[in-house]
Amino acid sequence: MTSPLTRLLDFDDQYRRDSQQSQAFLHRRDRRFAQQQQDQRQPLTADTWLAELRALNDQRQSSGRDPRLRRWRQARWIFAGLGTVLGAAFMAGLLFYDGSRQINVTLLLLLVGVQLGLALLTSLQAWLGWQPWASLLGRTAEQGDPLQPLRPALSARIAHTGGLMFAISGLLTLLAMVTVQDLAFGWSTTLQASAEGYHRLVSVVALPWQSLWPAAFPSAELVAASQYYRLGDNPVSDPALLGNWWPFILMAWLTYVVLPRLALLVLAALQVRWQAAASLRRHPGYQPLFYRFETPWVETRGDEEAPRQPAPVQVAMAPLPETGTLIHWAGAGQASAGLVAQLTTQASPLQLRAGGNSSLEEDADTLRRAGERGQPVILVARGWEPPTGELADFLLDAREQWPAGTLLALVPLADEQGGELTDDKLLAQWQRFIERQKDASLLLCAANLP
């Protein structure tokens, strides 16, 4: 099964290749694939669509790894290696014992808390999308990089991988040190703390495993006997008793360092999968693809006996979306009482005007109001007039302001009453105009005649 990250990158690659193709070609290809899947009772998904195109074009197979993910995999391996080495060195240095004084349990608990805090902070910045370290890396994302929204989650997964290896190697080093050395633990603090108060503190820390492993719960006698002072002689009646702290240290490290890192690493991996799937659904080519899957295409060919045109073009008329916002370009069809019923099933759709005598401020207001509704947009124009550069600029501004993937149905009219344009030459010039826009969400449509 293709990973969500690879699927997202493959889809983006295919979208960029498709932007060089005509809408007619894309509609025929994808509609044919959808019908084939339905006839064979196979799932109709982006995965199966990509697999079909890979088979046709002899592209990379689904099991292959995308080279754009290599840098992230290498970073995980580097962090895992560093975490392993640093975890072992950290614990060995912490438990270094020369016999002059006990190993301070208070310091160990403080470092356990620091590790837990760092793990939680790593996940928090990933969920918030915060990258305080981004400038340190000195990298800037390429324009349109589909991995850009996933960088915080990918970075958190790398950090948790290193943190987990740090925690595991530290735990193993602790076991090794306990096995090969006779460690003596104790507790000391400059603060005014009694043995009873310290025992209550470690009791709270040991709550998760107190009933599962009673030997890992320090008794009040052990706490009282292991308190030491820096300038005192601190005679210990039973030195062997000081070694009984190690089960508590082991369980504290396991419970508050190893297990949280493991759980947060799993959550980070799930976050990467979830965000990759969400990015795919928000991709500007995703909605138009399923629109082409679900809608039949109607092709109008020119008269074969007619003289050849300088640039032959196949005109493909797409069905209108059922609902949407209407824009009358230069007032086209605005005076027709029956045009609205031919364009949408909505009783009272929002009708706007742009182009022609409209000022730039009025065009900007039309773009803003249409974009706020988040619906498909149906733009009607006079089909007997050639498409203008002003209309192309309007569509370019619309793509910059409207949500990605917003369907825009361009309907050239035969007359001001909303008649269907059937002239092949006129339709061809509108088809060429749409192909020049290289916009997968821009469709050439005809009104729904009664």
Side-chain angles (χ1 to χ4, degrees), residues 73-126 133 155-189 198 201-210 212-218 222-223 226 228 242-269:
R73 288 196 298 272
Q74 291 173 343
R76 285 190 77 185
W77 280 108
I78 292 174
F79 269 68
L82 286 176
T84 303
V85 174
L86 293 178
F90 174 83
M91 187 60 73
L94 200 60
L95 299 182
F96 176 75
Y97 179 63
D98 59 1
S100 61
R101 59 181 178 178
Q102 295 97 321
I103 300 170
N104 196 343
V105 175
T106 307
L107 177 61
L108 289 170
L109 291 179
L110 177 63
L111 295 176
V112 166
V114 170
Q115 289 294 317
L116 179 60
L118 289 175
L120 294 175
L121 182 61
T122 300
S123 285
L124 180 63
Q125 62 89 22
W133 34 259
S155 300
R157 189 172 65 172
I158 292 171
H160 283 312
T161 301
L164 180 62
M165 297 310 297
F166 178 95
I168 292 175
S169 67
L171 184 71
L172 296 177
T173 304
L174 170 63
L175 289 172
M177 297 285 284
V178 168
T179 304
V180 302
Q181 281 195 329
D182 181 18
L183 301 178
F185 295 93
W187 66 275
S188 179
T189 175
Y198 200 82
L201 172 65
V202 296
S203 299
V204 173
V205 175
L207 276 177
W209 66 84
Q210 187 173 354
L212 299 176
W213 191 6
F217 173 60
L222 174 60
V223 173
S226 57
Y228 69 94
L242 302 182
N244 292 341
W245 276 98
W246 77 264
F248 171 78
I249 302 299
L250 175 71
M251 290 304 296
W253 190 266
L254 177 65
T255 305
Y256 297 109
V257 180
V258 177
L259 294 182
R261 278 290 186 184
L262 178 60
L264 293 175
L265 175 60
V266 173
L267 288 178

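Heavy atoms only: backbone and side chains are in, while hydrogens, waters and symmetry mates are out.
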**Student:** Where is the tightest heavy-atom contact between I103 and L94, given as atom of each residue plus distance?
**Tutor:**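 It is CG2-O, 3.9 Å.
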**Student:** If I take atom CG from residue L207 and atom OG1 from residue T255, how far apart are they, to the nearest 0.5 angstrom?
**Tutor:**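 Separation between the atoms: 11.0 Å.
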**Student:** Ignoring hydrogens and geometry, is there a side-chain-to-backbone donor-acceptor pair from Q125 to T122 under 3.5 Å?
**Tutor:**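 Yes, the answer is positive, given that a donor and an acceptor are paired below the 3.5 Å cut-off.
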**Student:** Taking all non-hydrogen atoms of both residues, which atom of L175 and which atom of T179 are closest, and how far apart?
**Tutor:**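 Nearest pair, atom of L175 first, then T179: O-OG1, 2.7 Å.
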**Student:** Using the side chain to side chain contact (heavy atoms under 4.5 Å, CB included) rule, pick out the option among L95, L108, V112, V178 that qualifies with I249.
**Tutor:**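 Of all the options given, the one that passes is L108.
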**Student:** Under 3.5 Å, is there a donor-acceptor pair between the side chain of T84 and the main chain of S169?
**Tutor:**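 Between the backbone of S169 and the side chain of T84 there is no qualifying donor-acceptor contact (under 3.5 Å).
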**Student:** Between W253 and A167, what is the shortest heavy-atom contact and its length?
**Tutor:**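 Shortest heavy-atom separation between W253 and A167 comes out as NE1-O, 2.9 Å.
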**Student:** Mind listing the closest non-hydrogen atom pair of P208 and V204 along with its distance?
**Tutor:**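 Taking P208 first and V204 second, the nearest heavy atoms are CD-O, 4.3 Å.
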**Student:** Return a table of donor-acceptor pairs under 3.5 angstrom between the side chains of residues 156-165 and protein atoms on other chains or two or more places apart.
**Tutor:**
unit_1: H160; atom_1: ND1; unit_2: R261; atom_2: NH1; d: 3.1
unit_1: H160; atom_1: NE2; unit_2: S123; atom_2: OG; d: 2.9
unit_1: T161; atom_1: OG1; unit_2: R76; atom_2: NE; d: 3.3
unit_1: T161; atom_1: OG1; unit_2: R76; atom_2: NH2; d: 3.2
unit_1: T161; atom_1: OG1; unit_2: R157; atom_2: O; d: 2.7

**Student:** Could you tell me which residues satisfy side-chain hydrogen bond (donor to acceptor under 3.5 Å, both in side chains) with Y256, sequence neighbours excluded, listed by chain and number?
**Tutor:**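 Result, side-chain hydrogen bond (donor to acceptor under 3.5 Å, both in side chains) vs Y256: none returned.
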**Student:** In Å and rounded to the nearest 0.5 Å, what is the CG to CG distance from L171 to L250?
**Tutor:**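 Separation between the atoms: 5.5 Å.
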**Student:** Answer yes or no: does atom CH2 of W77 have more than 12 heavy-atom neighbours from other residues, nucleotides or ligands under 6.0 Å?
**Tutor:**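 Count not over threshold, so no.
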**Student:** Quick one: pull up CE in M91 and CG in L172 and give me the separation to the nearest 0.5 Å.
**Tutor:**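 With rounding to 0.5 Å, CE (M91) is 10.0 Å from CG (L172).
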**Student:** How far does CZ of F217 sit from CG of L212, to the nearest 0.5 angstrom?
**Tutor:**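 Taking CZ in F217 and CG in L212, the distance rounds to 13.5 Å.
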**Student:** Taking atom CZ of F79 as the centre, does the number of heavy atoms from other residues, nucleotides or ligands within less than 6.0 Å exceed 12?
**Tutor:**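 No, the 6.0 Å shell around CZ holds no more than 12 heavy atoms from other groups.
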**Student:** Take the angle between the ring planes of F166 and F90 and call it parallel below 30°, perpendicular above 60°, tilted in between.
**Tutor:**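 Because their plane-to-plane angle lies in the 30° to 60° range, the rings of F166 and F90 count as tilted.
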**Student:** What distance do T106 atom OG1 and L111 atom CG have between them, rounded to the nearest 0.5 Å?
**Tutor:**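 Taking OG1 in T106 and CG in L111, the distance rounds to 11.0 Å.
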**Student:** If only atom types and distance count, is the side chain of W209 paired as donor or acceptor with the main-chain N or O of A216 below 3.5 Å?
**Tutor:**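 Checking the backbone N and O of A216 against the side chain of W209, a donor-acceptor pair under 3.5 Å is found.
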**Student:** What's the shortest heavy-atom distance between V223 and W187, and which atoms?
**Tutor:**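 Heavy-atom minimum between the residues: O-NE1, 2.7 Å.
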